Amino acid sequence: MDGSEDPRRGSLFDAFRDRRRVVSTDLTDSIPRGLRIATAYAWRFLLIAAAIGVGIWLVIQLKLLVIPLLVAILLSALLWPFFTLMLRHRFPRWLAIVISLLTTMAVVSALVWLVVWQISRELPRVQTRTVEAFERFRQYLIDGPLHLTSQQIDDLLGEGWQFLQDQASVVWSGALAFGTTIGHVGAGALLALFILITLLADGGGIWKWTLRLFPRRARRPVDGAGRAGWRTVVMYARTQLLVATIDAVGIGLGAFLLGVPLAIPIAVLVFLGAFVPFVGAIVTGAIAVFIALVYNGPWIALWMLVVVLVVQQVESHILQPILMGAAVKVHPLAVVLVVAGGAMIAGIPGALFAVPLAAFVNVVAVYLGSRAWESGNAPQGDLIWSTVPRTKKGRS
């Protein structure tokens, strides 16, 4: 051997590069085209689902940070029209922030005071009506289709009381957990307040810093999509505040005129429930009807149901279109599915933030998909629902 190599043999790397010299097991040509397309979609879908799953897992693990952040963003969207109005009238930013926060705390404090005042005022009457309602229900069990005897009812009550005593340890553990939850809620409230002040003070600077995390070529599309999504969240918050106020005043006033006890707590409950679109109005309206049924009888409950239905229909079909135009029209099916999914993933916070988050994602996706930043126009088209304010008729 003189050390020279046969040029026909080449190196092992050349053999791997030359597919003619490698045994092939490629079955692509023998697989149906439909199956190849299905598998291509399948593995991409699995990767997307895995990424979404990891994102949801991270959100759940960091819920003590994520929930205050979302609360602060939603509160800033609620305060944004009032806050920007003061800025346009040349209020100093710090003064606008102070006025916004003090106004919010004053409204919340007034609602809490009204609820506590009426509960303390009507508590004796509510206790008396509760005893009367229990006695009526007991008599119904005896005279109704079940035909239970007094002894059977007493035995059932005794078994229930014994069950509660047996579960005392569980109740005590729950009380300890509730105390921990109160601590978390307090810490979350302080964190949400700090984030809210920061967003109002320097939201533009925070957004500019966020844009720097993206490649330079992607900053303009991301900026346009984020601003379009923010306008949608602000419009959503304003719409829900209007809906909550109308529902609370109408249903609370109806309960007061019908003599239903705790009319102010019912109104406050309706106001809070309205921030979970569609589902919250149904649940809180049902609670109002149930209270009327227990304490005032079936006829007052029927009239309470009429009040709830009339208020919701007037609000959704007359007042809201007049005051808001065609903004944020949400199909009930989309709302129910999104709220149910959010509740399954994150409970009450998930139900509260599901719709604004889905609306934001919807607008961002439409904006990016339509490449609206190139024309400078608002994104056209809908994915789930219409969440972009439309131009009213008669305006250019």
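None of the values given here were measured: they were computed from a predicted structure.
Judged purely by atom type and a 3.5 angstrom limit, Asp247 has no side-chain atom pairing as donor or acceptor with the backbone of Phe271. For the pair Arg238 (side chain) and Val234 (backbone), a donor-acceptor distance under 3.5 Å is absent. In this structure a side-chain-to-backbone donor-acceptor pair under 3.5 Å is missing from Arg93 to Leu87.
Considering only heavy atoms from C-beta on, Ile287 comes within 4.5 Å of Leu269 through its side chain. A heavy-atom distance below 4.5 Å is found between the side chains of Ile300 and Val260. Side-chain contact between Phe275 and Val243: absent, with no pair of heavy atoms (C-beta onward) separated by less than 4.5 Å. A 4.5 Å side-chain heavy-atom check between Val59 and Lys63 finds every atom pair outside the cut-off. Side-chain contact between Trp209 and Arg212 is present, with at least one heavy-atom pair separated by less than 4.5 Å. When side chains are defined from C-beta on, Leu258 counts as touching Val307, because their heavy atoms get closer than 4.5 Å. Considering only heavy atoms from C-beta on, Val222 comes within 4.5 Å of Trp207 through its side chain.
What you find for Val363 and Gly229 is that their closest heavy atoms are CG1-N, 3.9 Å. The two residues Val115 and Val268 make their nearest non-hydrogen contact at CG2-CG2, 3.5 Å. Considering every non-hydrogen atom in both Trp117 and Ser120, the closest pair reads O-OG, 2.9 Å. Annotation for Ala263 and Gly252: closest pair CB-O, 3.8 Å, computed over non-hydrogen atoms. Pairing each heavy atom of Ala292 with each of Ala301, the nearest pair is CB-CA, 3.8 Å. Smallest separation of non-hydrogen atoms from Ala225 and Tyr367: N-CE2, 3.4 Å.
In this structure, Met304 CE and Leu309 CG are separated by 10.0 Å, a value rounded to the nearest 0.5 Å. The line from CG of Leu199 to CZ of Phe194 is 10.0 Å long, rounded to the nearest 0.5 Å. Atom CG of Leu191 sits about 11.0 Å away from atom CG of Leu196, to the nearest 0.5 Å. Note: Phe290 CZ to Leu293 CG = 7.0 Å, rounded to the nearest 0.5 Å. For the atom pair OH of Tyr236 and CG of Leu357, the computed distance is 10.5 Å after rounding to the nearest 0.5 Å. Atoms NZ and CG, from Lys208 and Asp202 in turn, are 9.0 Å apart once rounded to the nearest 0.5 Å.
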Could you list the donor-acceptor pairs under 3.5 angstrom formed between side-chain atoms of residues 100-107 and any protein atom two or more places apart in sequence or on another chain?
residue, atom, partner, partner atom, Å
Ser100, OG, Ala96, O, 2.8
Thr103, OG1, Ile99, O, 2.7
Thr104, OG1, Ser100, O, 2.9

Show the atom names and distances, to 0.1 Å, of all donor-acceptor pairs under 3.5 Å that link a side chain in residues 69-84 to residues at least two apart or in another chain.
residue, atom, partner, partner atom, Å
Ser76, OG, Ala72, O, 3.1
Ser76, OG, Ile73, O, 2.6
Thr84, OG1, Trp80, O, 2.8
Thr84, OG1, Pro81, O, 3.1

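Connection of Ile206 to Val66 is established within a shared hydrophobic cluster, with ILVMFWY side chains joined at heavy-atom distances below 4.5 Å, either directly or through further cluster members. Residues Phe214 and Phe360 do not share a hydrophobic cluster, clusters being chains of Ile/Leu/Val/Met/Phe/Trp/Tyr side chains in contact below 4.5 Å. At a threshold of 4.5 Å between side-chain heavy atoms, the hydrophobic network of Ile, Leu, Val, Met, Phe, Trp and Tyr places Ile56 and Met344 in two separate groups. At a threshold of 4.5 Å between side-chain heavy atoms, the hydrophobic network of Ile, Leu, Val, Met, Phe, Trp and Tyr places Trp113 and Leu262 in one connected group.
Other residues sharing a hydrophobic cluster with Leu190 under the 4.5 Å side-chain heavy-atom criterion for ILVMFWY residues do not exist; the residue is a singleton.
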